[in-house]
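To keep things clear, I will list the structure first and then write my remarks on it.
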Amino acid sequence: MKWRKGLRAASGVALCIAGFALAWATPYRETTVIVGAGGCRLVTDVIDQGNDDTRGYVVLFHGLAANKKIMSYLARGFASQNLRVFVPDLPGHGRTPGPFSFERAESCADALVRELIARRAIDPQRTMLAGHSMGGAIAIRVAARIGVAGVVAISPAPQRAAHGVPGDMLPYTNPPPLPPHTLAMSAAWEPLGIREITRDLVTGDAGATSKYLFIPSATHVSVLFDSRVVRASQEWTAQTLKFTAEPSAPSGAPSSAPLFGSLAGLAGILLLAGPFVCETMGMQRAATASPQAAATDPQNVRGASTAVPVFRALLETTAVSFLAVVLLRFWDPLSFIRLYNGSYFASFLLIAGFALLLIHHKSVRPLWPTKIGILLLASLAGFVLHLLVTGWLDSTFTEAWLSWARWVRFPVLFVAALAYLLAEELLLGPLAVRSSAARIWLALALRLIAFLALVFGIFVLHSGAILVILLAVYLALFFIFQRLGMDLVHRQTGSAIAAAVFGAILLAGFCLVIFPVT
């Protein structure tokens, strides 16, 4: 047993070291500046090959709930053509403070391009505007007002109601005429009719100088790291800026080593997370780590006879989840935290969790005899794990390190997450009743029901919480690892409350990373 733990720890450390070496290997010069324009102070990365003899310029806009750092692969693809690339964090995203709205994101992007032109940092006749999702729509709209050489729009957000996309889900309306020399790309698996609407952009006279490109076997997010997208963007840029015939041809897609390095290091951290949580919870202490500890779990003391049957747990979760989205149609109690879609999501957790706790109020009191020291250790483990993961992602992959403006929202999100996760622990029942696998499957089934209720709120009640769909894959991955961690804390401490506290810290931190500040 000891050699397995040692091998796991050694593997985790090795992955972190290898990941760090790969993630930081880049041949490009990357600097960060703050550009003040139109009342906006956009934190902007400038990426190039380190010389002043550039062929042209690219202003690259990220999508909703993204940031400039996650655009690095595309930016380096342009930089490999000896282009200077400007990648801003739009308002409420990454390092740029809020407030965020779709209108303000567009106006700040427009002001940024005009400011760069006024400072002669870019030449509009040798400048491409590019973007992904929301950023793709912004690139098209800004280019229609400012004369630039061309546009690369990758999975641009829809701007008109068509192909099943209702008007109230559009981030922008009144689309302008398609700018000349626009390359519009979409993936095979796109949400919200993006593929069809993107294809329709390049039709008739509008597409006389433009082109539509379909990317097979790709998703709305994977296009950001797809070498085919980079090469198509490079070819279009070279053709538009007319430097294809020059001796130094485009060098192709940049290395994927930084991406693999980031993922390797993240895997290493997750390998180390289990032993870290066990040590933090006092694994060597018989009082908290022995089988006797599980026997003293307040839930276990109540016995298997009081466990909530699976069918009842599913039915109750369905009822309160759909009730929550109906109530949110008229009142969002946490709207004051001002996170785009985040206040809605947190309010859903609070309402659904509180309703379930009321239903099982008699089962709540037996959970409270938990030592303060155990709760503090669970909190410490949650915060340290959050900081390790976000610190690693921030340094290698995407801007995940929380600013103080986001941290001040943490207490409210923590309370909302705690209400839901404590209710979930009650529905899962004592450790002795269900196996670890059964608990995980039931927990994921309960969360799937909650997700379907949120989708119902989006398409039927028009809640506008589109990030729930766009980030569905990331939410699912997070929930799996969070649930595994919560069960580990529960086993080590014998406390459902400690497990809920640990999970609530992770969930609140995750929400603060992904939801823009409004």
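Note that these values count all heavy atoms, side chains included, but never hydrogens, waters or copies made by symmetry.
- The side-chain heavy atoms of W236 and M128, taken from C-beta on, include a pair separated by under 4.5 Å.
- Between atom CG of residue L388 and atom CG of residue L266 there is a gap of 11.0 Å, rounded to the nearest 0.5 Å.
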Under 3.5 Å donor-acceptor pairs involving side-chain atoms of residues 408-423, not counting sequence neighbours:
{"from": "R409", "atom 1": "NE", "to": "I337", "atom 2": "O", "distance (Å)": "2.6"}
{"from": "R409", "atom 1": "NH1", "to": "A405", "atom 2": "O", "distance (Å)": "2.4"}

| query | Between R76 and V85, is a side chain to side chain contact (heavy atoms under 4.5 Å, CB included) present by the stated rule, with each step listed? | reply | CA-CA 8 Å; R76 291 168 181 171; V85 188; over 6 Å; no
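- Across L241 and T127, no two heavy atoms sit closer than the pair CD2-N, 4.2 Å.
- For the pair R447 and F479, the distance from NZ or CZ to the six-membered ring centre is under 6.0 Å and the angle to the ring normal is within 45 degrees.
- Separating the CD1 atom in I194 from the CG atom in L470 is a distance of 6.5 Å, to the nearest 0.5 Å.
- Between I440 atom CD1 and L442 atom CG the span is 11.0 Å, to the nearest 0.5 Å.
- Of all heavy-atom pairs between L90 and T96, the closest is O-CB, 3.7 Å.
- Using a 30° and 60° split on the angle between ring planes, F383 and W407 fall in the tilted class, from 30° to 60°.
- Of all non-hydrogen atoms in A378 and F502, the two that sit nearest each other are O-CD1, 3.7 Å.
- Between D487 and R483, at least one side-chain nitrogen of the basic residue sits less than 4.0 Å from a carboxylate oxygen of the acidic one, meeting the salt-bridge criterion.
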| query | Could you walk me through whether L467 and I514 pass the side chain to side chain contact (heavy atoms under 4.5 Å, CB included) check? | reply | CA-CA 9 Å; L467 278 179; I514 64 174; over 6 Å; no
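- A donor-acceptor pair under 3.5 Å is absent between the side-chain atoms of S256 and the main chain of L259, judged by distance alone.
- A donor and an acceptor atom, one from each side chain of S186 and Y212, are located under 3.5 Å apart.
- Side-chain atoms of R195 never come within 3.5 Å of backbone atoms of E190 as a donor-acceptor pair (strictly under, hydrogens ignored).
- Looking at heavy atoms from C-beta onward, H386 lies in side-chain contact with L402 at the 4.5 angstrom threshold.
- Counting all heavy atoms, side chain and backbone alike, G131 lies closest to L60 at N-CD1, 4.0 Å.
- Using a 4.5 Å heavy-atom cutoff, the side chains of T198 and S155 are not in contact.
- Residues I47 and F78 are not in side-chain contact: their nearest non-hydrogen atoms beyond the backbone lie 4.5 Å or more apart.
- Around CZ of F214, the count of heavy atoms belonging to other residues, nucleotides or ligands within 6.0 Å exceeds 12.
- Residue R434 places its CZ atom among more than 12 non-hydrogen atoms of other residues, nucleotides or ligands, all under 6.0 Å distant.
- No side-chain heavy atom of P258 sits under 4.5 Å from any side-chain heavy atom of F397.
- Counting only distance, with no hydrogens or angles, the side chain of Q234 and the backbone of Q81 share no donor-acceptor pair below 3.5 Å.
- With hydrogens and angles ignored, the 3.5 Å screen pairs a side-chain donor or acceptor of S72 with a backbone N or O of K69.
- Only one option out of V229, V230, L224 pairs with D226 in a side-chain contact (heavy atoms from CB on, under 4.5 Å); it is V229.
- Interatomic distance, SG of C108 versus CG of L42, reported as 5.5 Å (0.5 Å rounding).
- Judged as a salt bridge (Lys or Arg N to Asp or Glu O under 4.0 Å), and not counting sequence neighbours, the contacts of D48 are R29, R84.
- Partner of D45 under the side-chain hydrogen bond (donor to acceptor under 3.5 Å, both in side chains) criterion, chosen from T31, T32, N67: T32.
- Formation of a donor-acceptor pair under 3.5 Å by the E106 side chain with backbone atoms of V142 is not found in this model.
- Note that CG of L380 is 9.0 Å distant from CG of L376, once rounded to the nearest 0.5 Å.
- Note that the CG atom of L507 and the CD1 atom of I505 stand 11.0 Å from one another [nearest 0.5 Å].
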| query | Does the pair S80 and Y28 meet the rule for a side chain to side chain contact (heavy atoms under 4.5 Å, CB included), with working shown? | reply | CA-CA 8 Å; S80 69; Y28 305 102; 3.4 Å; yes
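- Side-chain atoms of T390 do not come within 3.5 Å of backbone N or O of W401 as any donor-acceptor pair.
- The aromatic rings of F100 and Y340 lie perpendicular to each other, with more than 60° between the two planes, well past the 30° mark.
- Between the side chain of T237 and the main chain of S233, a donor-acceptor pair closer than 3.5 Å is present.
- A 4.5 Å side-chain heavy-atom check between H163 and P158 finds every atom pair outside the cut-off.
- Within the 4.5 Å cutoff, side-chain heavy atoms of I466 are placed close to those of L64.
- Among all heavy-atom pairs drawn from A109 and F61, the shortest one is CB-CE2, 3.5 Å.
- The backbone N or O of Y172 sits nowhere less than 3.5 Å from a side-chain atom of Q159 that would complete a donor-acceptor pair.
- With no hydrogens or angles considered, no side-chain donor-acceptor pair links T54 and N82 at under 3.5 Å.
- Between L488 and L484, the closest side-chain pair of non-hydrogen atoms is not below 4.5 Å.
- Looking only at distances, no side-chain donor or acceptor of H220 sits under 3.5 Å from a matching main-chain atom of A187.
- Using modelled atom types, one side-chain atom of D89 and one backbone atom of K68 make a donor-acceptor pair closer than 3.5 Å.
- Considering every non-hydrogen atom in both A188 and S217, the closest pair reads CB-N, 3.6 Å.
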| field | Derivation and outcome, side chain to side chain contact (heavy atoms under 4.5 Å, CB included), residues F243 and L83 | value | CA-CA 11 Å; F243 58 74; L83 300 170; 4.2 Å; yes
